[in-house]
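We number each residue from 1, following the sequence as shown. Because the structure is predicted, anything quoted here is derived from the model rather than measured. Just so you know, ligand 1 is whichever comes first in the structure, and atom 1 is the first atom listed for that ligand. Reckoned from all heavy atoms, side chains included, excluding hydrogens, waters and symmetry mates.
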Amino acid sequence: MKRMLVLVVWFGLSTLAYAGVTGRYVFYNDSAFDQYDPSANVWDDGAVAPDKVPLLPGQTATFANYTSYKRGINGIIIDLFGLGGTPIDSSDFVFRTGNSNDPSTWTMAAAPTSISIRTGAGASGEDRVTLIWPDNTIQDEWLQISILNTPATGLPAPDIFYFGSAIGETGNDPSHAMVTATDELLVINAMNTSGGTFPVGIDSPLDFDRDGWVTPLDALIVQGILCQVPAVSPLQLITVPAYDPGSDDQPVVPAPGALLLGLFGVATAAGWRRRRRAQ
Ligand SMILES: [Ca+2]
Ligand SMILES: [Ca+2]
Ligand SMILES: [Ca+2]
């Protein structure tokens, strides 16, 4: 009985790690919104794509999960709390790239060239981790990011999310992410309607070089994709695997259940000790 109680306490407390991921963002590194600064620093915050959200386990991709940036995916920002105190490096992550529904078959991606932490710089004061890849090393495919449960991250279990890249895609058809002449026409027609080039915000679906303007250069980016030989394979609107408690490649387990279990274990152990003393 005593051993069982100890086990319950240990299991409950071991899952009580006070750490978690509160933000997962893609940003346009070295864009106009980043002051054209290729390094990781506070400017990156202004280049976070406000209209993009991570694809999470069990979900099917939409235009909200991939970017059209001409440099591909070159910057990811993660907000975490409860970091373990040791430096985070590439061994705290697994990166895979692919374009199918089965990420276990994807290719291991190159580690970021830069992993940096800004303490307290997260959206609500968490620590902000910035990952930077060279331009166009991850493009026209999906990037899976697994933040591992290591002493450095402090996470109780891995956290997994995805962002995609489809350079030159306007998201004009929700049923696919194919870059076609229609995407180029949308840019040209918008300029014709405005009487020429015009300024846009960071969430414009027509500003592929993210210079803050819709110009003929954006139309040329689409044309470049259409003319590539061999042809660029379109990004697939994938459905990624759901949470699987049998795998160690999983998102963070919910804390409330662990908390209750831990408290239950502590209370039961205390009661057991009281009964022992009374005997
Ligand atoms: Ca930057
Ligand atoms: Ca399209
Ligand atoms: Ca532009």
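A side-chain donor-acceptor contact under 3.5 Å links T150 and D92.
In this structure, OD1 of D44 and OD1 of D34 enclose an angle of 70° at the Ca ion (ligand 1), rounded to 10°. Atoms OD2 of D183 and OE2 of E169, as seen from the Ca ion (ligand 2), are separated by an angle of 120°, to the nearest 10°.
Shortest distance from the Ca ion (ligand 1) to D37 is reached at O (N/O/S atoms only).
The distance from the Ca ion (ligand 1) to the nearest N/O/S atom of Q35 is not under 3.0 Å. Because the distance cut-off is set at 3.0 Å, T180 fails to qualify as a neighbour of the Ca ion (ligand 2), as none of its N, O or S atoms comes that close. Not one N, O or S atom of D173 sits under 3.0 Å from the Ca ion (ligand 2). At a threshold of 3.0 Å, the Ca ion (ligand 2) has no backbone or side-chain N, O or S atom of T170 nearer than that distance. Among the backbone and side-chain atoms of N41, no N/O/S atom is found under 3.0 Å from the Ca ion (ligand 1).
Listed by first and then second residue, the ring pair (Phe, Tyr, Trp, His ring centres under 6.0 Å) pairs that reach into residues 119-143 are F95-W133, sequence neighbours excluded. For residues 50-72, the pairs satisfying ring pair (Phe, Tyr, Trp, His ring centres under 6.0 Å) are Y28-Y69, F63-Y66, with sequence neighbours left out.
For A190, the side-chain contact (heavy atoms from CB on, under 4.5 Å) criterion is met by F198, L206, not counting sequence neighbours.
Protein-derived N/O/S atoms nearer than 3.0 Å to the Ca ion (ligand 3) total 6, waters excluded.
Ion pairing between a basic and an acidic side chain is recognised when a charged N comes within 4.0 Å of a carboxylate O; D45 and R118 show such pairing.
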